[in-house]
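Take a look at the structure below.
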Amino acid sequence: MVLAGRDLAKSYGGVRALAGVDVAFRAGAVHALLGENGAGKSTLVKILAGAVPPDRGELLLGGSAVRFGSTAEAARQRVAIVSQELNLFPDQDVLANVFAHRLPRKGPLVDRAAMRALAAPVLAELGLRAPPDTLLESLSLGDRQLVEIARALVEQPRVLILDEPTSALQPGEVARLHEIIGRLRDRGTAVVYVSHVLEDVLAICDEVTVLRDGAVVLSGADAAELDLPALVTAMLGERAPASLRAAGATAAAGPFTGDSAGGLRLVSVSVPGRLRDVSLEAAPGEILGVAGLVGSGHTDVLRVIAGALTPQSGRVELPGDGKRAANRTGMRAAVRAGVGLISGDRRGVGITADKPVWENIVQVSAVSLGRLGRWLTQRALREAAEVLARRVGVRTHSMDQAVDQLSGGNQQKVVFAKWLAARPSVLLMDDPTRGIDIGAKAEIYALMGELAAAGTVQLLASSDPKELAGICHRVIVIRKGQVTAVLEGAELSAHAVLEAVNGDRGAPAL
Ligand SMILES: Nc1ncnc2c1ncn2[C@@H]1O[C@H](COP(=O)(O)OP(=O)(O)OP(=O)(O)O)[C@@H](O)[C@H]1O
Ligand SMILES: [Mg+2]
C-alpha cells in the first residue's frame with residue numbers, strides 16, 4: 001500500500017464528519033471514493049493530503065507513519081490533491097498558480113523560464129488553451145479546474161487525489177483527463193477519485209470505497225463486480241430504492257402544451273462578440289434547455305436575461321411588466337423584476353460563504369420584500385429558511401453554520417433554497433446540479449417540476465446532454481452566438497443535443 005489511513009476521525013464542533021475510517025490505496029490503481037453529499041469524502045481526502053489534521057488516527061506512507069502539516073508538505077512527499085472548492089489565486093497568472101506550492105528559483109529570483117518549461121507539457125496534455133500568463137480570474141470555471149489539476153501533476157505525485165475534478169469540465173476535457181489518469185495508473189501512480197458521476201467511476205476505477213455518515217460501508221471493493229444499482233444502494237442505504245427510481249425518472253418532459261402568453265421573450269438580442277440575433281420564447285411553466293459548448297454563447301443568453309450582460313440591440317421581455325423591465329440594467333434590477341440565477345460556480349455568485357445558512361437562504365427574498373423586510377423579525381426569517389432548507393434537503397448541523405462549512409453539494413442546495421424563497425418568475429440555471437449526489441439530484445429535478453407546475457419560466461443551461469434531454473420540454477442549441485437548432489418531442493434526445501452542439505465537428509461518444 002502506498003498510502004493508508006487508520007482509524008481516522010474528525011469532528012467540527014459538535015458535527016462528526018469522520019467516525020474512525022480505515023482506507024488503503026495501492027500503486028497503479030484508480031480508487032473511487034463515493035458517498036452522498038456530506039458523507040465525509042472531502043474531509044477524508046483533506047486529511048490524506050495534509051489540508052486538515054485528524055482528531056485521531058494515523059497516516060502511513062509507504063508503510064511508515066507520516067504527519068503532513070500542510071498540503072505543501074504533502075506535495076513534497078508527492079501526495080497531491082485537486083480540491084473540490086478550488087484553491088487558486090485569482091489575481092495571479094496561470095503559471096504562478098501552477099507553482100503555488102514551490103516557486104522554482106534561480107538565486108533570489110523566481111525562475112519563470114523553468115516554470116514555463118515544466119508547465120508546458122502538463123498544460124498541453126490537459127488541453128488548456130489559455131497562455132500561461134493569463135490572469136486566473138479571466139479563465140472559465142472549467143479552465144480554472146484544469147489549472148488546479150496541473151498544479152497537482154507538476155509534482156509528479158505517487159498519490160494523486162482528485163476531489164470532483166470533472167464537475168466544471170466539458171465532455172471532451174473529461175475524456176482527456178480520464179486518459180491522463182489511465183497513463184498515470186500505468187506508470188504506477190495511486191489515484192484517488194471522488195465523483196458523483198457514477199458512470200465515470202465504473203468506467204475508469206479499479207476499486208471502490210463508499211462512505212456513509214462518516215463511516216466506511218464498502219471498502220476497496222473490486223469495481224468490475226459492481227454496477228450502478230449496487231453503488232447507489234451502498235451510498236444511500238435504505239433510502240436507495242425510492243431515490244434511484246426518482247433519479248431514473250428523467251424521461252423527457254414531453255412537448256410543452258401550455259400557453260406561451262405572459263412568458264419570457266428575447267427579440268433579436270445581439271451582444272458584440274458574443275450573441276447574434278438571438279430570439280426565443282419560454283412560456284410560464286416551461287423548462288427550456290439552452291445547450292452549447294464552452295464559449296458558444298449559451299451561458300451568455302442567461303447572463304443577458306440576468307442583467308449581467310447588456311445587449312447592444314434587441315430586447316428582453318420579462319413576464320408581467322415586460323415593457324418596463326426591458327429598460328432595466330444590472331443584476332439588481334433583474335432580481336427585483338423577478339429573475340433568479342443559479343450557477344454551478346457557487347463561489348462566484350451563489351453564496352456569501354462566511355454568512356450563516358439561514359441568512360444566505362433569505363438574502364434575496366428579504367431584499368425583494370423591500371420595506372416589508374424591515375418588519376420581518378429575524379426569527380420569522382430563520383423559520384422560513386429552515387422550512388426551505390428541509391425541502392431541498394440541505395444537510396447542516398444548524399441554520400447558524402457558515403455556508404463554507406457545509407459540504408460542496410450542500411452549499412449548492414443552499415443556492416437552490418435561496419431562489420425558492422425568492423419565488424422568481426424566471427429562474428435561470430447554469431449547471432445547477434454541479435457536485436450534487438444522485439439522490440439529491442432527483443429531489444432537485446422534482447423541485448423543478450413543482451416550479452413548472454406553479455408557472456415559473458425555467459431556463460436550464462447544462463453541460464450534460466442527458467440532463468437536458470431528460471428534464472426539458474424543449475432545448476435550443478447555441479453555436480457561435482446564434483440559435484442553430486430547436487429540439488423537442490421525438491427529436492429531443494441526449495444524442496441529438498450532443499450532435500447539435502458540436503455541429504460540423506461531429507459528436508463524441510456519450
Ligand atoms: N470546516 C467545517 N466546519 C464545520 N463542519 C464541516 C466543515 N467541513 C465539513 N464539515 C461537515 O462535515 C461533514 C462532511 O463534509 P464533507 O465535505 O467531507 O462531505 P462530502 O462527502 O465531501 O460531501 P459533498 O459530496 O457534498 O462534497 C458535513 O456534515 C459538513 O457539514
Ligand atoms: Mg466534498
Side-chain angles (χ1 to χ4, degrees), residues 5 8-21 23 32-49 51-57 71 81-87 145 148 161-168 192-198 200-201 208-218 231-232 234-237 239 243 247 344 346-347 350-351 353-358 360 389 392-417 432-444:
L8 295 172
K10 180 79 191 175
S11 291
Y12 293 101
V15 190
R16 197 177 61 176
L18 278 188
V21 160
V23 279
L33 191 58
L34 309 180
E36 276 185 286
N37 294 134
K41 305 177 297 294
S42 294
T43 304
L44 175 57
V45 296
K46 281 181 196 162
I47 291 172
L48 294 171
V52 160
D55 297 339
R56 195 179 77 211
T71 48
I81 185 167
V82 174
S83 52
Q84 181 177 13
E85 306 297 337
L86 306 178
N87 280 315
Q145 201 156 34
E148 178 114 358
I161 301 168
L162 301 158
D163 193 354
E164 299 192 35
T166 63
S167 58
V192 182
Y193 191 84
V194 181
S195 177
H196 290 293
V197 189
L198 302 179
D200 286 0
V201 165
V208 179
T209 290
V210 177
L211 292 179
R212 200 191 305 154
D213 297 327
V216 173
V217 293
L218 187 69
L231 293 181
V232 174
M235 283 171 62
L236 307 189
R239 293 198 294 290
S243 321
R346 53 185 166 264
R347 296 259 143 183
I351 54 171
D354 56 351
K355 284 263 159 59
V357 169
W358 75 267
N360 270 276
V392 300
V394 176
R395 270 174 53 167
T396 169
H397 185 56
S398 115
M399 285 287 122
D400 291 314
Q401 218 174 342
V403 169
D404 58 3
Q405 295 181 351
L406 299 189
S407 78
N410 280 303
Q411 293 182 13
Q412 189 66 0
K413 292 184 212 164
V414 168
V415 182
F416 254 97
T433 57
R434 180 168 112 90
I436 288 187
D437 71 49
I438 187 166
K441 228 180 221 179
E443 285 159 25
I444 283 187

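Residue numbers start at 1 and run along the sequence shown. Atoms within a ligand are numbered from 1 in the order they appear, just like the ligands themselves.
- Between Gly409 and ligand 1, an N or O atom pair is found at a separation short of 3.5 Å.
- Under a 4.0 Å criterion applied to the non-hydrogen atoms of Glu164, ligand 1 contributes the atoms 25 (O), 27 (O).
- Here His397 has no heavy atoms under 4.0 Å from ligand 1, in either its backbone or its side chain.
- For atom 18 (O) of ligand 1, the closest heavy atom belonging to the protein is Thr43 OG1, 2.6 Å.
- Protein N/O/S atoms found under 2.8 Å from the Mg ion (ligand 2): Ser42 OG, Gln84 OE1.
- In terms of polar-atom proximity, Asp404 is not counted as a contact of ligand 1, lacking any N or O under 3.5 Å from an N or O of the ligand.
- An N or O contact shorter than 3.5 Å is missing between Arg395 and ligand 1 by distance.
- In terms of protein heavy atoms, atom 14 (C) of ligand 1 is closest to Gly38 O, 3.4 Å.
- When Leu18, Leu44, Asn37, Asp437 are ranked by how near their heavy atoms come to atom 24 (P) of ligand 1, first place goes to Asn37.
- In terms of the side chain to side chain donor-acceptor pair (under 3.5 Å) criterion, residue partners of Thr209 (sequence neighbours excluded) are, by chain and number, His31.
- Heavy-atom separations between Glu36 and ligand 1 include at least one value shorter than 4.0 Å.
- An N or O contact shorter than 3.5 Å is missing between Ala17 and ligand 1 by distance.
- In this structure, the side chain of Asn410 engages the main chain of Arg395 through a donor-acceptor pair within 3.5 Å.
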